[in-house]
Amino acid sequence: MDDAPDTAIDAPRAIRPDELTRADLPRLFGQCAWFRALAAEHQALVLASSHAEYRESGAWIARRQAPSDYWIGVHSGLLKLAIYNATGRSCTLSGVPPGGWFGEGSVIKRELRKYDVAAIQPSLVLFVPSATFHALLSSSLPFTGFVIRQLNNRMGEFIASIQNSRLLDVDARVAQSLAQLFNPDLYPETGRTLAISQEEVGLLAGVSRQRINQALQSLEKQGILRLAYNQIEVVDLERLCAFGQEQI
């Protein structure tokens, strides 16, 4: 990844892990709405300083108590933000599907990261250095506006997660864990179909695979979801988002 990138945004193409180069960065970042809103000189800064990496399922992306050196985005795959204690117990904070960006709070405060980040699917991950993030924050109004909206939406997501984990039954918790992945403000690239296994849903919802199966089957019988092998299609997003809210 030694050649200087071309700032022109080309049509997207499939990229294999063994052929990823800096020349691919304009295509990868060009699919991000916040990047397209930047002035040309700010786009050039992002492309010159950032990088992309493939990570296999189960790989760590970032570790708790490590410096927050990067603002991180997901081009493809699925990541999990979680906290693990000394006994191995974990608390899942959020899943991040394609199009999602996270970690801006820790980067802004220049603090150690508060959570672990792991890939639960093979993922192509984008890394914007902290110095570049701060340069954009101080000089780009479109970027500053995006970050403010991002922080506001992320706060709402975390408040909802705490509320759901304490007040909802298992079926509703599963429904709300899925609904979060379809949040158009945080994850604009997520369509109505998500490539995710029942085991991966369980990792996000903190529920056993057997119980996940029961919950998903119930949601499918109600016409909210359509299940296929390692794939979930949302038939009725409005009902999915509202599912279980009468319990609160």
Side-chain angles (χ1 to χ4, degrees), residues 55-61 64 74 76-100 102 115-123 153-248:
R55 299 293 178 88
E56 294 297 327
S57 178
W60 296 112
I61 308 300
R64 184 183 180 196
V74 182
S76 61
L78 183 66
L79 306 186
K80 180 177 77 166
L81 315 184
I83 297 173
Y84 298 83
N85 67 11
T87 67
R89 295 185 62 191
S90 67
C91 171
T92 297
L93 303 176
S94 179
V96 187
F102 63 91
Y115 47 80
D116 290 299
V117 185
I120 58 176
Q121 292 179 358
S123 301
N153 282 301
R154 183 72 67 194
M155 177 63 71
E157 180 186 56
F158 285 153
I159 290 173
S161 294
I162 295 171
Q163 168 188 275
N164 295 341
S165 67
R166 295 182 179 179
L167 300 178
L168 300 184
D169 62 27
V170 174
D171 284 6
R173 280 164 48 199
V174 171
Q176 292 304 313
S177 293
L178 284 173
Q180 285 185 348
L181 298 179
F182 292 88
N183 182 329
D185 295 314
L186 286 172
Y187 315 120
E189 302 301 321
T190 305
R192 290 299 180 97
T193 301
L194 192 65
I196 188 170
S197 69
Q198 294 188 15
E199 181 178 4
E200 290 162 351
V201 176
L203 290 172
L204 295 178
V207 179
S208 71
R209 183 174 180 177
Q210 180 180 7
R211 189 62 185 84
I212 283 288
N213 181 265
Q214 295 174 5
L216 292 177
Q217 292 289 341
S218 174
L219 293 169
E220 184 176 43
K221 289 178 180 177
Q222 297 177 61
I224 297 174
L225 304 177
R226 184 177 295 116
L227 305 178
Y229 179 71
N230 286 350
Q231 181 174 290
I232 296 175
E233 178 185 354
V234 176
V235 178
D236 192 331
L237 182 58
E238 183 176 354
R239 288 178 63 200
L240 179 68
C241 294
F243 192 89
Q245 294 304 297
E246 72 280 356
Q247 300 174 26
I248 297 174

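The model shown is predicted, which means the values in this text are computed figures rather than measured ones.
- Listed by chain and residue number, Arg154 satisfy the salt bridge (charged side-chain N to carboxylate O under 4.0 Å, His left out) test with Glu157 (two or more places apart in sequence, or in another chain).
- Arg211 meets the salt bridge (charged side-chain N to carboxylate O under 4.0 Å, His left out) test with Asp171; sequence neighbours excluded.
- The shortest heavy-atom contact between Lys80 and Leu203 is CD-O, 3.7 Å.
- Here the straight-line distance linking atom CZ of Arg192 with atom CG of Leu237 works out to 4.5 Å at 0.5 Å rounding.
- The SG atom of Cys91 sits 10.0 Å away from atom CG of Asn85, with the distance rounded to the nearest 0.5 Å.
- Judged purely by atom type and a 3.5 angstrom limit, Arg55 has no side-chain atom pairing as donor or acceptor with the backbone of Leu79.
- Contact annotation: the side chain of Leu178 approaches that of Leu225 to within less than 4.5 Å [non-hydrogen atoms, C-beta and beyond].
- Between Asn164 and Gln245 the shortest side-chain heavy-atom distance falls below 4.5 Å.
- Taking each heavy atom of Asn213 and Gln198 in turn, the nearest pair found is ND2-OE1, 3.0 Å.
- Residue pairs meeting the side-chain hydrogen bond (donor to acceptor under 3.5 Å, both in side chains) criterion with at least one member in residues 175-186, sequence neighbours excluded, are Ser161-Gln180.
- Listed by chain and residue number, nothing satisfies the salt bridge (charged side-chain N to carboxylate O under 4.0 Å, His left out) test with Arg209 (two or more places apart in sequence, or in another chain).
- Between Val96 and Leu181 the shortest heavy-atom distance is N-CD2, 4.5 Å.
- Contact check for Leu194 versus Phe182: side-chain heavy atoms found under the 4.5 Å cut-off.
- Residues Tyr187 and Gly100 share a closest heavy-atom pair of CD2-CA, 3.6 Å.
- Side-chain contact between Val174 and Ile212 is present, with at least one heavy-atom pair separated by less than 4.5 Å.
- Closest of all the heavy-atom pairs between Ser76 and Pro98 is CA-CG, 4.0 Å.
- In this view, Tyr84 and Trp60 satisfy the ring pair (Phe, Tyr, Trp, His ring centres under 6.0 Å) rule, not counting sequence neighbours.
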(message) If you apply the rule side chain to side chain contact (heavy atoms under 4.5 Å, CB included), what do you find for Leu78 with Leu204, and how did you get there?
(response) CA-CA 10 Å; Leu78 183 66; Leu204 295 178; 4.3 Å; yes
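- A distance-only check finds no donor-acceptor pair linking the side chain of Gln121 to the backbone of Glu200 [under 3.5 Å].
- Between Leu219 and the options Ile224, Ile232, Val234, Asp236, a side chain to side chain contact (heavy atoms under 4.5 Å, CB included) holds for only Ile224.
- Put simply, CZ on Arg64 and CG on Leu81 are 13.0 Å apart, with the number rounded to the nearest 0.5 Å.
- Nearest heavy-atom pair across Gly244 and Leu168 is O-CD2, 3.2 Å.
- Surrounding CD of Glu246 are more than 12 heavy atoms belonging to other residues, nucleotides or ligands, all under 6.0 Å away.
- To the nearest 0.5 Å, the span separating CG on Asp116 from CG on Leu93 amounts to 9.5 Å.
- Judged as a salt bridge (charged side-chain N to carboxylate O under 4.0 Å, His left out), and not counting sequence neighbours, Glu189 has no contacts.
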